[in-house]
Number of protein chains: 2
Amino acid sequence: MFKKAKQSRVFQDIVEQIQDAIINGKLEPGAKLPAERELKDMFNTSRGTLREALRVLEQKGLIEIKLGVSGGAIIKHMDAEPIVESLALLIRSGEVSLKHLSEFRIKIEGSLVEIAASRATKEDIKELEILFNKAKGYYEKDDWGNFLKTDEKMHMYIGTMTRNPVFQFVQKSIHDNIHQYYEEYLPMNKKRTLENLTDFEKIIKAMKINDSQTASATIIDHVKRFNDKMQEKIKLNTK
Amino acid sequence: MFKKAKQSRVFQDIVEQIQDAIINGKLEPGAKLPAERELKDMFNTSRGTLREALRVLEQKGLIEIKLGVSGGAIIKHMDAEPIVESLALLIRSGEVSLKHLSEFRIKIEGSLVEIAASRATKEDIKELEILFNKAKGYYEKDDWGNFLKTDEKMHMYIGTMTRNPVFQFVQKSIHDNIHQYYEEYLPMNKKRTLENLTDFEKIIKAMKINDSQTASATIIDHVKRFNDKMQEKIKLNTK
DNA sequence: TGTGTAGAATGGTTTAACCATTATCATTAT
DNA sequence: ATAATGATAATGGTTAAACCATTCTACACA
């Protein structure tokens, strides 16, 4: 019948007030909060309590704190970073394995490419081709590290093409967290790298004619091959 | 060439030490940290600084703090709550709209049901049928609120059936956040509610014979219909 | 004109005290 | 004996005042 009376903590009230001001646009990204010693008076509290509130806001990714004179709390642009970090925690704790993450990635990236292909503009294609040629260059120079980075950039750019921030956030969360496995488990392999390049060529070609089915099917193969490589390596390592 | 020298804050060091202990399993869920006045001595710091560290850990969803004697910081089970909250922030700030969320949900839930169907056990089917009959009961009693709750439970249970925590976390994040729109934008409609029930009947039947394609296609229709209803209502409201 | 240094503003930390909440245990009334 | 009542102590929550560390700014000086 009744809701449990929420127990009030002063710092929580401060967090909510500042958070609401940010959400309502009263505080825009880039704006600077007053100094701690001023804020403490505005909220009629102590500096310690105020600082606990700032810690929470910082952890939520809403503010960033700089040191020194003219330092202070600055309103940040909201992004996927807190989600990336939370997911990283779940992975590190063993609740989520590479297998889980890969299975999810295959599904999500298939959908994502399908949408991206259906919304691709000429500028998008041009951007993808620039990235593709960069990747090709790194492939020819056997620069595995930069090849991987560019490959990832293509994946992220396809996320942008969906024009849907949810897909972009999820794409970033997955890639940031799967990236840690790359160096350890993804050995350079010229033949397979070429296959990956060919995949992207196919995807771009499909996007040009809005063939979202082919684009989607190709990326799914692409991601599967990537993950299979890693899984193989993991099995070898644990044998 | 160099990484920016991270500036050290005492409370960050405390956060990392405790977080690592949790991740490594040295501190298991349910365990209680020593009292603040003891911890402060163990870390050789002040209570204020220690409390800032506890605020961060609390915000990360790693600990829960209870009041009074025999209170203190208790290690929590990790769950999707921090992700749910971060996504909620992105939605409330307007970075993510209902349309964005729905588009994502349709894709993810299609994949999720496909996997769930391929892994369904007899016990899973039984559990779904129990929920289905509950929903049917609420439908017949015109209990719209409980019907929605049960509908959501079915969606969440299908997430469990994937045996993949990533899908479960995402499913929870989406549903918790889309739920706030239900009351406002989902009017009771006997005919359409029946359609939804029929959908679940089809899905369960398909799962029984491991027909993941039909199950997936059906849930996609189901979710689309749900969202279309809401979108219609939103359009009417904003006219 | 450039360079270095002193000052001041700001966040980071410490200390010590008091307040508020709650489990526990002793006291008391029935 | 048992149940209500109240005192006690442990714990988190808050406050205050001081000092430290970092960094921007302005001024003096070469």
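Just so we're clear, the structure is a prediction, and the values are computed from it rather than from any experiment. Side chains are part of it too, since the values below use all heavy atoms of this structure and drop only hydrogens, waters and symmetry mates. The chains referred to below are lettered A, B, ... by the order of the sequence lines, with proteins before strands, and numbering in each begins at 1.
The side chain of A/R47 contributes no N or O atom lying less than 4.0 Å from OP1 or OP2 of D/dA16. Residue A/S70 places no side-chain N or O under 4.0 Å from the OP1 or OP2 atom of D/dT23.
In this structure, B/E36 atom CD and D/dT11 atom C1' are separated by 8 Å, rounded to whole Å. Atom P of nucleotide D/dG13 and atom CD1 of B/I65 are separated by 6 Å, given to the nearest angstrom. Rounded to an integer number of Å, the gap from CZ of B/R51 to P of D/dT15 is 11 Å. For the pair A/D41 CG and D/dA17 C1', the interatomic distance rounds to 13 Å; values are reported in whole Å. Rounding to whole angstrom units, NZ of residue B/K32 and P of D/dA10 are separated by 13 Å. Computed from coordinates, the A/I74 CD1 to D/dT23 P distance equals 13 Å when rounded to whole Å. A/F43 has its CZ atom 17 Å from the C1' atom of D/dT15, to the nearest Å.
Residues B/F226 and B/L148 are in side-chain contact: their nearest non-hydrogen atoms beyond the backbone lie under 4.5 Å apart.
Taking a 6.0 Å sphere around CG of A/N44, one finds it holds 12 or fewer heavy atoms contributed by other residues, nucleotides or ligands. For B/K76, the NZ atom sits in a packed shell: over 12 heavy atoms of surrounding residues, nucleotides or ligands are nearer than 6.0 Å.
Checked against D/dT11, D/dT14, D/dT22, the side chain of A/S46 finds its nearest nucleotide in D/dT14. Out of D/dT23, D/dT14, D/dA9, the shortest distance to the side chain of B/V69 is found at D/dA9.
With sequence neighbours left out, A/F200 forms a ring-ring contact (aromatic ring centres under 6.0 Å, His included) with A/H155, A/H222.
Here the OG1-CD distance, from A/T150 to A/E152, works out to 10.0 Å after rounding to the nearest 0.5 Å.
Here the shortest heavy-atom pairing between B/Q19 and A/L89 reads CD-CD2, 3.8 Å.
Between B/E58 and A/R9 there is a salt bridge, with a side-chain nitrogen of the basic residue lying less than 4.0 Å from a carboxylate oxygen of the acidic one.
Remark on DNA chain D: of its neighbouring residues A/F11 and A/G68, the 5'-side contact belongs to A/F11, judged by nearest-heavy-atom nucleotide. The residue among B/A73 and A/G48 whose nearest nucleotide of DNA chain D is located toward the 5' end is B/A73.
On the nucleic acid side, DNA chain C has its first and last nucleotide under 4.0 Å of a heavy atom of chain B at C/dG12 to C/dA23, going 5' to 3'.
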